[in-house]
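Accompanying notes for the structure given below.
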Amino acid sequence: MNILVTGANGQLGNCIRNASKDSEDTYIFTDVDELDITDSKGVNKMMKDNDVKLIINCAAYTNVDKAETDVVLAEKLNCDAVANLANAAKANDGTLIHISTDYVFGGDPYNTPCREDQKGTPTGVYGLTKLHGEQAIEASGCKALIFRTAWLYSEYGRNFVKTMLNLTATKPELKVVFDQTGTPTYAQDLADAIVNIIENRKYEGNEGIYHYSNEGVCSWYDFTKAIAKMAGNESCNIQPCHSDEFPSPVKRPAYSVLDKSKFKDTFGLKVPYWMDSLEICLGNIKKESKA
């Protein structure tokens, strides 16, 4: 089977490369240079020319703060382009696997893990455009699985873990918010889960929305403390603070823990604990720095 991966140079795209390297399926990795997903004709041509039966969409506009003033481009990438992929999947009898976000929630005061059937209440443009993307998939009528994830990090690109590794190693003191709660997610774990579902053809007949993050719950402060401790950067004095001490163009979800029951019941996959996965990722980053 031929599988198209969009946004292949991002965190999850790179992790999909790792997870699929021994697959008997053919993965076609593309980024904007190879395929402009805002071009509906180009997307259709790619699918037809390569007999693509499955799309994994890892592409997105993910700059949460900048999205507040870059509304048109955020909507174009997070909704219009997603509609192109969904319509192409429908026209070519394919399936779309799309990555969404915990930012579709946040407007209501949650204190229990968010379920798939909860109404989206985004607090900013990024979350709103990602919700619009989900709605575009539903409107297309294509076969699709949507995986909402949260607090994604990896060895690749720019992310919270790599930023905090640098800051806790170079700053004597650091303030990190403790009033935003969620679950860090190692992109390799999500990629491994997606490829496993594809390899075992479990995506067939299981269309719908699923939540995937690592197990456990923490604040950004707790996350930073764990990063610093595992990296040996304990000389940095990390202090908890409130979100309003760091003015931002967008209000981030105060509680966006995702309920993964449906994912585990449907696919029978074990979800790793966030601290265990963080340790693996930091180990890999350390190896790479010495190479």
Side-chain angles (χ1 to χ4, degrees), residues 5-8 10-19 55-64 67 77-78 82 85 96-106 110 113-118 120 122 124 126-134 137 144-162 180-198 203 206 208-218 220 223 252-253 255-267 269-278 280-281:
V5 182
T6 63
Q11 291 194 81
L12 187 59
N14 274 298
C15 291
I16 295 281
R17 285 182 199 270
N18 296 338
I55 302 170
I56 307 172
N57 182 34
C58 303
Y61 186 108
T62 57
N63 190 323
V64 176
L77 291 173
N78 291 343
V82 175
L85 294 170
L96 172 62
I97 292 177
H98 174 68
I99 311 304
S100 193
T101 175
D102 61 320
Y103 274 75
V104 302
F105 302 115
Y110 306 123
C114 303
R115 303 181 316 275
E116 290 84 355
D117 59 358
Q118 269 179 232
Y126 169 66
L128 183 62
T129 58
K130 290 294 285 185
L131 184 60
H132 288 166
E134 293 184 11
I137 292 171
L145 290 83
I146 296 170
F147 292 105
R148 292 181 183 140
T149 191
W151 296 26
L152 212 62
Y153 69 90
S154 69
E155 299 89 339
Y156 306 101
R158 295 168 62 186
N159 56 66
F160 186 83
V161 167
K162 293 174 84 173
Q180 292 173 21
T181 304
T183 307
T185 307
Y186 183 28
Q188 193 61 58
D189 289 339
L190 175 55
D192 289 344
I194 290 170
V195 171
N196 182 291
I197 289 164
I198 293 169
Y203 63 89
N206 286 318
I209 299 176
Y210 296 90
H211 286 170
Y212 185 97
S213 64
N214 283 132
E215 295 283 21
V217 176
C218 69
W220 291 111
F223 192 12
R252 285 165 165 77
Y255 186 94
S256 60
V257 179
L258 299 175
D259 187 329
K260 295 171 283 290
S261 304
K262 181 182 174 185
F263 175 89
K264 290 184 282 189
D265 291 345
T266 301
F267 302 112
L269 294 175
K270 187 176 185 295
V271 178
Y273 178 53
W274 74 267
M275 289 189 76
D276 295 337
S277 293
L278 176 61
I280 291 168
C281 181

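T149 has its side chain out of reach of L12: every pair of non-hydrogen atoms, C-beta onward, lies at least 4.5 Å apart. In this structure the side chain of L77 never reaches within 4.5 angstrom of the side chain of T129, judged on heavy atoms. Taking the side chain as every heavy atom from C-beta outward, Y186 and I280 approach each other to under 4.5 Å. By the 4.5 Å heavy-atom criterion applied to side chains, Y203 and I194 are not counted as neighbours. In this structure, Y210 and I197 have side chains that are not in contact, with every pair of non-hydrogen atoms separated by 4.5 Å or more. Using a 4.5 Å cut-off on side-chain heavy atoms (C-beta onward), N14 and R17 make contact. The closest side-chain heavy-atom distance from C281 to E155 is below 4.5 Å. Side-chain contact between R252 and Y103: present, with at least one pair of heavy atoms (C-beta onward) separated by less than 4.5 Å.
W220 and W151 have parallel rings, their planes meeting at less than 30° on a 0 to 90° scale where 60° marks the start of perpendicular.
K162 places a side-chain N or O within donor-acceptor distance of the main-chain N or O of G157, the cut-off being under 3.5 Å. Looking only at distances, a side-chain donor or acceptor of N78 sits under 3.5 Å from a matching main-chain atom of Y61.
Taking CD1 from I99 and NZ from K130, the interatomic distance works out to 8.0 Å, rounded to the nearest 0.5 Å. For the atom pair CG (L258) and OG1 (T101), the distance works out to 8.0 Å, reported to the nearest 0.5 Å. Residue C114 holds its SG atom at 7.5 Å from OH of Y255, rounded to the nearest 0.5 Å. Here the OH-CG distance, from Y126 to N63, works out to 10.5 Å after rounding to the nearest 0.5 Å. Summarising the geometry, atom CG belonging to L131 is positioned 7.5 Å from atom CZ belonging to R148; distances are rounded to the nearest 0.5 Å. Here CG of L145 is found 10.0 Å from CD1 of I137. Values are rounded to the nearest 0.5 Å.
When the options T185, D189, D276 are evaluated for a side chain to side chain donor-acceptor pair (under 3.5 Å) with N214, the one that passes is D189.
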Go through Y212 and F263 one step at a time and tell me if the ring pair (Phe, Tyr, Trp, His ring centres under 6.0 Å) criterion holds. CA-CA 7 Å; Y212 185 97; F263 175 89; 5.0 Å; yes

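Counting all heavy atoms, side chain and backbone alike, R115 lies closest to F105 at O-CZ, 3.6 Å. Closest of all the heavy-atom pairs between G133 and V82 is O-CG1, 3.6 Å. Residues I209 and E134 come closest through the heavy atom pair CD1-OE1, 4.0 Å. Of all heavy-atom pairs between P184 and C218, the closest is CD-SG, 3.5 Å. When all heavy atoms of S154 and A187 are compared, the closest pair comes out as CB-CB, 3.9 Å.
With hydrogens and angles left out, the side-chain atoms of H98 and N57 include a donor and acceptor closer than 3.5 Å.
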